2 protein chains.
Amino acid sequence: MSERDEEQAGLVCPVPNDRYSRILLAHGGGGRLMHSLVQRLLIPAFDNPALRVGHDGAVLDVPQGRVAFTTDSYVVNPLFFPGGDIGRLAVYGTVNDLAMCGARPRFLSVGLILEEGLEMATLERVVLAMAEAARECAVELVTGDTKVVDQGNCDGLFINTSGIGVVDHERKVSPGSVEPGDVILLSGDVGRHGIAVMAAREGIEFDTTLVSDLAPLTSAVFALMDAGIEVHCLRDLTRGGLGGALVELAETANVGMTLRESHVPVSEAVRGACEILGLDPLFVANEGRFIAIVSKGDASRALAIMGAHAGSEAVAHIGEVLGRGTGQVIVRGALGVERPLDMPSGEQLPRIC
Amino acid sequence: MSERDEEQAGLVCPVPNDRYSRILLAHGGGGRLMHSLVQRLLIPAFDNPALRVGHDGAVLDVPQGRVAFTTDSYVVNPLFFPGGDIGRLAVYGTVNDLAMCGARPRFLSVGLILEEGLEMATLERVVLAMAEAARECAVELVTGDTKVVDQGNCDGLFINTSGIGVVDHERKVSPGSVEPGDVILLSGDVGRHGIAVMAAREGIEFDTTLVSDLAPLTSAVFALMDAGIEVHCLRDLTRGGLGGALVELAETANVGMTLRESHVPVSEAVRGACEILGLDPLFVANEGRFIAIVSKGDASRALAIMGAHAGSEAVAHIGEVLGRGTGQVIVRGALGVERPLDMPSGEQLPRIC
């Protein structure tokens, strides 16, 4: 009796894990099992008209103008951590990258790479978290792909999300728009995501529960944009942390920057953990923090708007853009001593996103 | 001496493999090494204005109307096989999915997941193959992401490509547009990709060299569209082969279909390999073949157009769309016996795309 006959005879339950508790290679094979995984788990979870068409891609109506397009793969280990999971991360992360381009996120794609033997219940949790995160961000998961690799050839579950957003204004939010004299605002305390994931992975317990800062940044960003703040550049702080983002931006825009270290908010818990582990919080990863580089004249208004916004109450004015041509970030330490900031060669904590 | 100092002192060669012959975890860490990999290998290889902006995503001008959006991850093993490689596959595969939506492919994203220890020379070969394939298909690789996972947690190299195409006509090319009475045309012989990859992986040698059918399908598709052929649905044959595609389409469109088995072109080499290995060529994967479901009145014109087109000279009229409501494919065998076609539960050959 083929699975199809069983299904027609009403023998198969409507969710896949009633039948298979683990992912098989055949779930990625383009046959009946993959079809069933897609039809019973993925399409109902992400339900929307584009997906129901059942074709090789989604055909979407996009308003005239510019669109933003971005991609990210997620390989975080462990899959679930305090304050989030790989599914939520994969949605917020790509939504945030679109917001950083000044684009309103609209559509996401989902590419799943599953390891043979992955528990179906784990996949379901991740998929449902993605669906919930997408609803929260008002984006639709319109097209997808599932591959399965043999046991030992992938670490449980990797996700790629790519996204399309709509740029509904004339401004150019990008490193090239950064101007000497601009101010650098940071939306909140840094380092919680990296430390929370690392602690979960290594089984380290701190006095206080450290929760990832993982969050969508769209509403804070569009509060700024909609208020007409002259936003020149935005950058969310992920791998490489605040320090990595500033160095990269200074180099790309070819401007000097100062960073007032004592103005950077760091929670007691992160400060303590970094001290114990010998990490620099400036370079620890975040997943719900961004910097906004805005014209000096708009600084206090931007601070007020961000500060009134859930998630960026701890906004801080952390630095300035200097002249063109140096491409360097200078850190002014608490004692007034200045030093150049450079990226470390790699991330202090691997597999955090 | 930091890598940056070395670079400034002129000690670092312009391509990364002169310095690191293998991928390190730090190449995915958001720090100096990742920056260098992106700046020295990826951006020069895929060079285009959107990529040079150096932001979290690409902002693109898209003409008014509908866009198609699709995603695919590629986990083929081995990375190089007769007739292609994972890089070329990742470009053509996503380009083909866009073409199947009736969209002209324009922009791709690239998400790389690399295994620590991967040879830099291997990555370079793959990246250069992607760049060449993109030029050939007139698409731009405008945004990307690189992750590195620790050794043993991914099989060398996985690639995700997502794509955006532009639908510059009013037609709706999708399963929902299939009409009873339509004819089913197949663009060439089936099964070469699956057998070629499998033979390369298992080290099996056949009498004749079997080369994958891997190819972009855009020009054949747009030859049909531009000639005004009433194309109702297109589907490229990948995992699951011709059989899988037909069963899926018949179910999605909820129509009956007939398949005349003797009309399906199969090369002598594939026929022989399938006989030895006990495989059904109807379900072996392809990466450069598609079916076009067109209105009956346009059948002979469509056959002529496809037949005149490099890559689809062996076009065949392989079946018809019957009435609505059954969702079943009936195969008419060489002896006139009819049998229902069903998908196998998984792919006969895993990791072929």
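Bear in mind the structure is a predicted one, so any value in this text is a computation, not a measurement. Chain identifiers are assigned alphabetically (A, B, ...) following the order of the sequence lines, protein sequences preceding nucleic acid strands; residue numbering begins at 1 within each chain.
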Practice task
Sort Thr94(B) into side chain, backbone, both or neither according to what part of it lies under 4.5 angstrom from a heavy atom of chain A.
Solution key: neither
Practice task
For chain B, find which of Ala68(A), Gly111(A), Pro175(A) contributes the most heavy-atom pairs closer than 4.5 angstrom.
Solution key: Pro175(A)
Exercise for the section: Measure distances from Asp150(B) to the heavy atoms of chain A and classify the residue's part below 4.5 Å as side chain, backbone, both or neither. Expected result: both
Exercise for the section: Among the options Gly54(B), Gly240(B), Ala253(B), pick out the one with the most heavy-atom pairs lying under 4.5 Å from chain A. Expected result: Gly54(B)
Exercise for the section: Using non-hydrogen atoms and a 4.5 Å limit, figure out which bit of Val167(B) sits close to chain A: side chain, backbone, both or neither. Expected result: side chain
Handout entry: Proximity breakdown for Leu25(A) and chain B, heavy-atom pairs closer than 4.5 Å
Key = side chain
Practice task
Among the options Gly163(A), Ala103(A), Ala26(A), pick out the one with the most heavy-atom pairs lying under 4.5 Å from chain B.
Solution key: Ala26(A)
Handout entry: Heavy-atom side-chain contact between Lys172(B) and Val59(A) under 4.5 Å
Key = no
Exercise for the section: Name the member of Val148(B), Thr146(B), Ile352(B), Thr161(B) that forms the most heavy-atom pairs with chain A at distances under 4.5 Å. Expected result: Thr146(B)
Completion exercise
Assert top hit (heavy-atom pairs under 4.5 Å, partner chain B, pool Ser174(A), Gly244(A), Gly243(A)) equals Ser174(A)
Exercise for the section: Counting only heavy atoms closer than 4.5 Å, note whether Leu24(B) contacts chain A via side chain, backbone, both or neither. Expected result: neither
Handout entry: Residue, of Asp61(B), Ile164(B), Leu112(B), that accumulates the most heavy atom pairs under 4.5 Å with chain A
Key = Ile164(B)
Practice task
Check whether Ile159(B) gets within reach of chain A through its side chain, its backbone, both or neither, counting any heavy atom under 4.5 Å.
Solution key: neither
Exercise for the section: Heavy-atom distances under 4.5 Å only: say whether Val142(B) touches chain A with side chain, backbone, both or neither. Expected result: side chain
Practice task
Quick one: which of Gly57(A), Gly241(A), Pro350(A), Gly165(A) has the most heavy-atom pairs under 4.5 Å with chain B, could you say?
Solution key: Gly57(A)
Problem - Side-chain ion pair, Glu116(B) and Arg351(A), N-O less than 4.0 Å - result: no
Problem - Contact class of Arg52(B) relative to chain A, heavy atoms under 4.5 angstrom - result: neither
Fill in the blank from the handout: Under 4.5 Å to a heavy atom of chain B? For Cys353(A) that would be both
Exercise for the section: Of all the heavy-atom pairs spanning Phe69(B) and Phe69(A), show the shortest one and how long it is. Expected result: CE1-CE1, 3.9 Å
Exercise for the section: Under 4.5 Å heavy-atom distance to chain A, tell me which part of Ala58(B) shows up: side chain, backbone, both or neither. Expected result: both
Fill in the blank from the handout: Among Val53(A), Leu349(A), Asp97(A), Leu60(A), the residue with the most heavy-atom pairs under 4.5 Å to chain B is Leu60(A)
Handout entry: Interface moiety of Phe283(B) toward chain A, non-hydrogen atoms closer than 4.5 Å
Key = neither
Exercise for the section: Heavy atoms only, distances under 4.5 angstrom: which of Leu249(B), Val67(B), Ile113(B) has the most pairs with chain A? Name it, please. Expected result: Val67(B)
Exercise for the section: Flag the pair Phe158(A) / Cys154(B) as yes when at least one side-chain heavy-atom distance between them is below 4.5 Å, and no otherwise. Expected result: yes
Exercise for the section: For residues Ser162(A) and Asn160(B), determine if any side-chain heavy atom of one lies less than 4.5 Å from a side-chain heavy atom of the other. Expected result: yes
Exercise for the section: Among Gly152(A), Gly102(A), Cys101(A), single out the residue with the greatest number of heavy-atom pairs under 4.5 Å to chain B. Expected result: Cys101(A)
Exercise for the section: Please state whether the side chain, the backbone, both or neither of Thr252(B) comes within less than 4.5 Å of a heavy atom of chain A. Expected result: side chain
Handout entry: pair Thr70(B)-His55(A): side-chain heavy atoms closer than 4.5 Å
Key = no
Handout entry: Asp155(B) side chain reached by Val149(A) side chain, heavy atoms, under 4.5 Å
Key = no
Practice task
Might you work through the side-chain contact (heavy atoms from CB on, under 4.5 Å) test for Met343(A) and Met34(B), ending with a clear yes or no?
Solution key: CA-CA 10 Å; Met343(A) 284 190 225; Met34(B) 189 174 99; over 6 Å; no
Handout entry: Side chain, backbone, both or neither of Asn96(B) within contact of chain A (heavy atoms, under 4.5 Å)
Key = neither
Handout entry: Contact class of Leu234(A) relative to chain B, heavy atoms under 4.5 angstrom
Key = backbone
Completion exercise
In terms of heavy-atom contacts, Thr71(B) and Thr143(A) come closest through CG2-O, 4.0 Å
